[in-house]
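First, the structure itself, so that you have it in front of you.
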2 protein chains.
Amino acid sequence: MTASPRPRRTQAERSDQMRQRLLEATLQSLAEDGYAGSTLSSIVRRAGVSRGAQVHHYPNKQALMLDAAEDLVRHTYRQLGELLLSIKDEDDRLTRLVDAAWEQVFSTPLFHAYSELLIASLRDQDLAEALKGRLKLVQGVYAPAVEHYFEPINASKADLHAMFVQLSFFLVGLATQAHLMNDRAWVQSHLDLWSRQAALIMRARKGVRQPPPRPDAWPRKDEAAAR
Amino acid sequence: MTASPRPRRTQAERSDQMRQRLLEATLQSLAEDGYAGSTLSSIVRRAGVSRGAQVHHYPNKQALMLDAAEDLVRHTYRQLGELLLSIKDEDDRLTRLVDAAWEQVFSTPLFHAYSELLIASLRDQDLAEALKGRLKLVQGVYAPAVEHYFEPINASKADLHAMFVQLSFFLVGLATQAHLMNDRAWVQSHLDLWSRQAALIMRARKGVRQPPPRPDAWPRKDEAAAR
DNA sequence: GATTTTACATACAGTCTGGACGGTATCCAT
DNA sequence: ATGGATACCGTCCAGACTGTATGTAAAATC
């Protein structure tokens with residue numbers, strides 16, 4: 001008892017924590033209830049905060065969604081980055097990368113939130129712009145890592161990079177349809193096939209011991225909720 | 001003037017036409033306004049019919065959506081079938097197939113309706129079941145055509161078939177993200193890359209002059225609206 | 001031609017949503 | 001310590017949506 005009176009948080013701290021709770025609840029809600037099902041009331045209920053808190057930090061629903069999208073892409077970016085760094089094995093680097101990407105990113109509930117945002121962005125111009133900017137950024141950041149870990153065989157560097165872009169398309173397509181298909185083994189067979197196909201035009205570089213050049217950290221995290 | 005009194009339509013005719021109008025309006029609405037934006041009121045407005053007509057034919061929103069999904073998959077199935085039959089050229093059969101599939105199916109607004117249903121089916125069990133059944137059926141129907149037109153090189157027949165399944169995933173992924181990317185040329189380069197990759201493990205069969213065995217027509221169109 | 005069934009139309013009820021508003025607590029600059 | 005800014009709260013409101021209930025005309029059945 002007599003818990004230390006918990007030094008009052010500073011304004012900035014309070015704001016940050018509140019926004020964090022809201023964003024987490026929003027992404028959770030997107031994943032579980034979909035875009036349309038994510039009403040402001042349901043989100044604040046999930047976050048355990050009041051309706052007023054939300055409206056204070058985000059003037060309208062779109063602002064909240066934009067910030068959530070921002071947060072999600074940033075999160076996924078980090079996750080994929082760590083994943084790349086964790087791949088040490090140089091023999092089946094490709095296979096393990098694909099498997100891990102599916103297992104740890106694209107098959108997770110959190111990625112369903114991304115699917116929702118993606119589809120919603122077909123109609124929401126602002127959302128599309130936000131995603132567009134971030135995606136471009138992500139691609140630019142990963143390109144060096146690709147060349148760091150892999151090299152083309154009988155193919156151009158452009159093809160090498162394009163192949164990984166295709167991987168993301170493939171995984172997105174898989175993620176949005178996997179629930180209609182059967183089992184994990186079936187998915188695995190497709191992941192394997194992709195790896196084998198990719199191995200026809202690329203291989204892991206030998207003797208890579210250093211992680212790829214750390215890209216600059218994710219750019220400023222400002223310019224979010226405001227538009 | 002004195003227009004012929006337009007022989008009153010039979011009940012079945014009236015029902016069929018009304019349902020057709022509703023389904024068309026629904027798919028259009030899905031494509032333009034998304035799943036959540038497709039309210040019953042907006043759909044009947046678009047179809048130019050009364051609210052009562054809709055409720056008469058479809059007891060609730062889900063029934064309408066299920067039938068629309070049914071209709072869409074059937075439509076796409078036919079379209080892809082004709083597309084396969086129209087590919088005569090045996091040299092770059094693969095390239096032309098991929099291009100045509102993108103151009104005539106996956107990049108169309110109608111396919112956006114499918115994306116919407118796909119995402120919605122993540123949460124709607126009934127919708128998922130409906131799509132699942134139809135997809136399985138489609139795959140089974142196309143499998144013979146694949147072997148009719150293509151043969152594997154240094155690969156198994158299973159890989160051949162799996163490769164076309166991957167094509168569908170790739171195209172779905174592309175369709176849901178293309179609006180975030182740049183231009184048509186960029187898309188084209190990815191279609192080309194896919195064709196080149198596929199060509200590494202398959203080729204068009206020589207001297208194929210006959211169309212593939214016509215699968216039985218699409219099964220009965222009953223068991224739709226009711227659940 | 002009478003009656004039953006089907007197709008369509010209109011009005012209404014209940015629920016929910018997003019945003020607005022007025023008020024309170026907490027923090028910060030001076 | 002005090003006045004102003006910032007964070008947070010609960011409620012209300014106008015609109016929209018779905019499903020239902022009720023009414024009418026056309027077709028099918030006998």
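By convention in this document, chain letters (A, B, ...) are assigned in the order of the sequence lines, proteins followed by strands, and residues within each chain are numbered from 1. Bear in mind that the values here come from a model prediction, so they are computed numbers and not experimental data.
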Could you check how far CG of L64(A) sits from C1' of dT17(C), rounded to whole Å? 15 Å
Please report, rounded to the nearest Å, how far the C1' atom of dT20(D) is from the CG atom of L40(B). 13 Å
Under 4.0 Å between a side-chain N/O of H57(A) and OP1 or OP2 of dC8(D), yes or no? yes
Note: T39(A) and K61(A) closest approach over all heavy atoms is CA-NZ, 4.3 Å
For the pair made of OH in Y58(B) and P in dT18(D), what is the distance, rounded to whole Å? 16 Å
Separation of dA7(C) P from L22(B) CG (nearest whole Å): 13 Å
Give the nucleotide from the list dG19(C), dC9(D), dT17(C) with an atom nearest to the side chain of N60(A). dG19(C)
Between C1' of dA11(C) and CZ of R51(B), the distance in whole Å: 12 Å
Salt bridge present between E103(B) and R184(B) (N-O < 4.0 angstrom): yes
It should be established whether H56(B) places a side-chain nitrogen or oxygen under 4.0 Å from OP1 or OP2 of nucleotide dA7(C). yes
Close aromatic pair by centroid cut-off 6.0 Å: H190(A) and W194(A): no
Would you say S50(B) reaches dC8(C)'s phosphate, i.e. side-chain N/O to OP1/OP2 under 4.0 Å? no
Least distance between heavy atoms, A145(B) atom then L84(B) atom: CB-CD1, 3.7 Å
Which nucleotide in dG19(D), dC21(C), dC8(C) has an atom nearest any side-chain atom of V55(A): dC21(C)
Rounded to the Å, how far apart are M18(B) CE and dT6(C) P? 17 Å
What is the distance, rounded to the nearest whole Å, between atom CD of Q54(B) and atom C1' of dA9(C)? 12 Å
Which whole-number value in Å describes the distance from R45(A) CZ to dT17(C) C1'? 12 Å
For Q188(B) and D99(B), does a side-chain donor sit closer than 3.5 Å to a side-chain acceptor? yes
Map V49(B) and G52(A) onto DNA chain C by nearest heavy atom, then report which one ends up closer to the 5' terminus. V49(B)
